[in-house]
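For the single chain, residues carry numbers from 1 onward in sequence order. All values below come from the heavy atoms of this structure, side chains included, with hydrogens, waters and symmetry mates left out.
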Amino acid sequence: CLSKSGMTGAAHILDATDGGLYAAMSDAGDCSLVSRGLGTCWEITRMDTKPYPCCRSTHCAIDGALALRNRFGVSADEIEHIQISTYLVGYQQCGHSVGSLCPATSINAKFSTPYVVACALLRGGVTVQDFAPAAIAAPAAQDLLRRVTVRPEDCFTQAYPLQWGCALTTRMKDGKVRRVEVQDASGSEKNPLGTKQLMDKSLSLLTPASARKHPPWLTKFCVWIPCPSSPFSEAGSPLTACRPSPIMRAAGEHSSGFFF
């Protein structure tokens, strides 16, 4: 390995006042969080599983949009306006820039809360196929995303990064108002994915490559892996994707954030 070969690195890459990660990302970094629980708290058991192939900061809004569609039967043509309140980093990442508000490319769309909310309401989910050029340019999606606005709200900002939440307030054309609040995005430690959700994610990722010819056992293999030393040892452990590590959490709630 590199260390055995004598290669060294910066001793204070995290806490250096000039060029350190925390100073670059936050005005309120806390280095003590890096080693808190060392040897007793295993972060791998607390990682998130991303259900949607886009920025993690959009996932709570997708969950809320799916709740509007599935729980309340809301359809896109009934909606006059949707206001999404979320944490400041989520607003800055996915609800503020020109690319977020008027997505024209796959990268834009993956960092656009208005676009993915439109997808969820129109198509009943958000998959890899929704980031193809034709899907992004679809008139129905472009029309609906322009009826979605995003704003930061203090209660969600204060809870972040331990919770990545939001609220969707939907004004219908008939004057009715529907409000859905999501405190923990699906796939988080407090709101883990069920087996069906994991299967659906696997299928959506496998389908483009295998043209629907993959055997059923392949999907199951992708969903569950054995992890004898984890709390999930009896049933296996779901594949995990994204959660702020102690290093990232130590950067503080004011971090500019690059949790995808």
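Applying the salt bridge (Lys or Arg N to Asp or Glu O under 4.0 Å) test to residues at least two apart or on different chains, none of the pairs has a partner in residues 102-120. Within the structure, no pair that satisfies the salt bridge (Lys or Arg N to Asp or Glu O under 4.0 Å) test touches residues 1-22, not counting sequence neighbours. The stretch residues 118-130 participates, sequence neighbours left out, in these salt bridge (Lys or Arg N to Asp or Glu O under 4.0 Å) pairs: Arg123-Asp130. Screening residues 61-90 for salt bridge (Lys or Arg N to Asp or Glu O under 4.0 Å) gives Glu80-Arg171 as the qualifying pairs, with residues at least two apart or on separate chains.
The side-chain hydrogen bond (donor to acceptor under 3.5 Å, both in side chains) check on Asn70 picks up nothing, with sequence neighbours excluded. Applying the side-chain contact (heavy atoms from CB on, under 4.5 Å) test to Glu153 and every residue at least two apart in sequence or in another chain returns Ser85, Arg151, Cys155, Phe156. Arg147 meets the salt bridge (charged side-chain N to carboxylate O under 4.0 Å, His left out) test with Asp143; sequence neighbours excluded. When the side-chain hydrogen bond (donor to acceptor under 3.5 Å, both in side chains) test is applied to Glu181, the partners found at least two apart in sequence or on another chain are Arg179. In terms of the side-chain contact (heavy atoms from CB on, under 4.5 Å) criterion, Pro133 has no residue partners (sequence neighbours excluded). The ring pair (Phe, Tyr, Trp, His ring centres under 6.0 Å) search around His81 returns none, not counting sequence neighbours. Listed by chain and number, the residues in a side-chain contact (heavy atoms from CB on, under 4.5 Å) with Ser97 are Ser100 (sequence neighbours excluded). Asn108 pairs by the side-chain contact (heavy atoms from CB on, under 4.5 Å) definition with Pro103, Ala104, Thr105, not counting sequence neighbours.
Atoms NZ and NZ, from Lys50 and Lys201 in turn, are 7.5 Å apart once rounded to the nearest 0.5 Å.
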Would you sort out whether Tyr22 and Cys31 count as a side chain to side chain contact (heavy atoms under 4.5 Å, CB included), showing the intermediate values?
-> CA-CA 8 Å; Tyr22 298 155; Cys31 295; 3.4 Å; yes
